[in-house]
Amino acid sequence: MFPAYCFCVILFVFGIVLSFVYTLIHKRMIVTKSANRGTEISRQVVLPFMKSLEISLKSIRVRFFRSMITTMSLILAVSFLSFVRVGTDAANGLLQTQNPTYRQALVRAGYDLEPGATSMGSSAKERWIVILSLLVCVVGIVNAQLMAVTERFREIGTIKCLGALDSFVLRLFVLEAGMQGLAGAGIGALLGTVAALLNSLIRFGLVAWRYVYWLAVAKSMVFALAIGCILSLLGVLYPAIVAARMQPVEAMRVEQ
Amino acid sequence: MSNSHSIVRVSGVTKVFKLRKHDVEALRGVDLEIHAGEYLSIMGPSGSGKSTLFNMIGGLDKPSSGKVFIDEVDIAQLDAYELAWLRCRKIGYIFQTFNLIQVMTALENVTLPMIFAGMHNDAAVEKGLDLLEVVGLGDRFRHKPFELSGGQQQRVAIARAMANDPAIILADEPTGNLDLTTGEEIIELLKRLSEEKSVTVISATHDFKMLSVSDRVVWIRDGRIDKVEEREQLSISVGEIAHRA
């Protein structure tokens, strides 16, 4: 399962670094440019971070139902991920007791155990299903966010006429997606973990909880949370770039 | 006032839109000089290139050839940051469809350009309330656009356009979506503001109510300037039109 996730994380980090470098270079350019012309640097438009946070929070609240749908797909995918991982954690806890009774219970529950194995990962099939569900989730988010952008053409055009830079629009969309991602992934990770723990309780009885490595469970939850946030940001990237690069005239021409 | 420096200068501007195989010439060489503090109307039938010219002056679109100067700066030379700054500080836009941001209250709509301009939040709120007071909506600052009538929304849009004390206000059919009396009120308001704050108002319109307040009227036909009339000449030609109609 790891290479795919690693790839996502690397991609994400690379994107952040790239955008950071881009802004840095651009800032430098403005400064030198204004120095050359002898004008002051105050010829800039700004959008303070707190203000952009406020605006994106507000637009999530106003379009709560739509953001709910985006968030929902994330909740489902992330909860499935954390369900699988926490389920494996619980099974691992039982396996490591080296108790034959538990071992047999695990085999009966459908885990493929090598003879003499003391730990196990999730099966290849499970991994594929998880990856597929995450992929479907990203496609869903891209779709929903593209709709959101289309819905807001006029709004984007208007704020550009008021002097917003491309980066403001980008930031608003990314912030929105970040918040949706955090909420969706948080709820998803929690739901998946609770479901997995209840599942192991029903299958193996209270002993399952006695031997669970809580640290491993916590790790799985954090992992699912991180993946959820990354997916949400990955999904909004293309729609947000489309929105940010739109010319105000085109945006205004849209009939509503 | 009319011999003060020119705030907008349009020279030899053409605009060609490419539609599949054939080109459509929206503007065929327009020269125009607009003086600071003037109230100018651009008149013409739909499809005459009026809105295209308007978009050029506002820096919303680039000409195919020719130049547009604002304050003697060629706006084709500006980069994205400077263009944004220009839109934010120098120009206030008013649209036919009001284009208020639906999710924000009247006050937030008015303060947004000031936030972009780097003004502190409290100062922006204070000024926003003042501006809403000026346009006669002092008690409605907490309303969202859909809770306001068309005329009230346009007033908010005017307050928003005035937010950063721009040198130019561009109004694209500001009365197009309003009834007769509301339209008149809006025109009155624009006129009053242009006199009080000595802002240059440029409006694209085909509303004849606009004529009586304009210092100059530019008639556009088929992508060219048909004629430019000073206020003194206007009453005659309006009579003529009324007669023709």
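Reminder, nothing fancy here: chain letters follow the sequence lines and each chain counts from 1. Here the structure is a predicted model, which is why all the values come from computation and not from measurement.
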I need the residue from B:Leu86, B:Ile91, B:Val103 with the largest number of non-hydrogen atom pairs under 4.5 Å to chain A. B:Val103
Side-chain contact test, heavy atoms from C-beta onward, threshold under 4.5 Å: evaluate it for A:Leu162 versus B:Arg160 and give yes or no. yes
For B:His143, does the NE2 atom sit with more than 12 other heavy atoms under 6.0 Å from it, leaving out its own atoms? yes
Which bit of A:Ile159 is near chain B, if near means a heavy-atom gap under 4.5 Å: side chain, backbone, both or neither? both
Show the atom names and distances, to 0.1 Å, of all donor-acceptor pairs under 3.5 Å that link a side chain in residues 161-170 of chain B to residues at least two apart or in another chain.
{"unit_1": "B:Asn164", "atom_1": "ND2", "unit_2": "B:Cys88", "atom_2": "O", "d": "3.0"}
{"unit_1": "B:Asn164", "atom_1": "ND2", "unit_2": "B:Pro113", "atom_2": "O", "d": "3.0"}
{"unit_1": "B:Asp165", "atom_1": "OD2", "unit_2": "B:Lys127", "atom_2": "NZ", "d": "2.8"}

Under 3.5 Å donor-acceptor pairs involving side-chain atoms of residues 7-14 of chain B, not counting sequence neighbours:
{"unit_1": "B:Arg9", "atom_1": "NH2", "unit_2": "B:Glu72", "atom_2": "OE1", "d": "3.0"}
{"unit_1": "B:Thr14", "atom_1": "OG1", "unit_2": "B:Ser65", "atom_2": "N", "d": "3.4"}
{"unit_1": "B:Thr14", "atom_1": "OG1", "unit_2": "B:Ser65", "atom_2": "OG", "d": "2.6"}

Do A:Val45 and B:Tyr81 make a side-chain contact, defined as non-hydrogen atoms from C-beta onward lying under 4.5 Å apart? no
What part of B:Thr97 gets closer than 4.5 Å to chain A, counting heavy atoms only: side chain, backbone, both or neither? side chain
Are there more than 12 heavy atoms of other residues, nucleotides or ligands under 6.0 Å from atom NZ of B:Lys67? no
Hey, could you give me the CG/NZ distance between B:Leu83 and A:Lys160, rounded to the nearest 0.5 Å? 10.0 Å
Quick check: do A:Glu155 and B:Asn99 have side-chain heavy atoms less than 4.5 Å from each other? no
Kindly give the heavy-atom pair with the smallest separation between A:Ala164 and B:Ala84, and that separation in Å. O-CB, 4.4 Å
Using every non-hydrogen atom in the two residues, find where A:Glu54 and B:Glu108 come nearest and quote the distance to one decimal. OE2-OE2, 4.4 Å
Residues of residues 56-69 of chain A near chain B, each having a heavy atom less than 4.5 Å away: A:Lys58, A:Val62, A:Arg63
State whether the number of non-hydrogen atoms from other residues, nucleotides or ligands found under 6.0 Å of B:Glu126 atom CD is greater than 12. no
Side-chain contact test, heavy atoms from C-beta onward, threshold under 4.5 Å: evaluate it for A:Val46 versus B:Ile115 and give yes or no. no
Where is the tightest heavy-atom contact between B:Phe95 and A:Cys161, given as atom of each residue plus distance? CZ-SG, 3.9 Å
Using non-hydrogen atoms only, which part of B:Tyr93 is less than 4.5 Å away from chain A: side chain, backbone, both, or neither? side chain
Could you give the distance from CD1 (A:Ile55) to CG (B:Leu112), rounded to the nearest 0.5 Å? 5.5 Å
At a 4.5 Å cut-off on heavy atoms, which part of B:Gln102 comes close to chain A: side chain, backbone, both, or neither? neither
Structural part of B:Leu60 lying under 4.5 Å from a heavy atom of chain A: both
Show me, pair by pair, the donor-acceptor contacts under 3.5 angstrom made by side chains of residues 178-198 of chain A, not counting sequence neighbours?
{"unit_1": "A:Gln180", "atom_1": "OE1", "unit_2": "A:Gln145", "atom_2": "NE2", "d": "3.3"}
{"unit_1": "A:Thr193", "atom_1": "OG1", "unit_2": "A:Ala189", "atom_2": "O", "d": "2.6"}

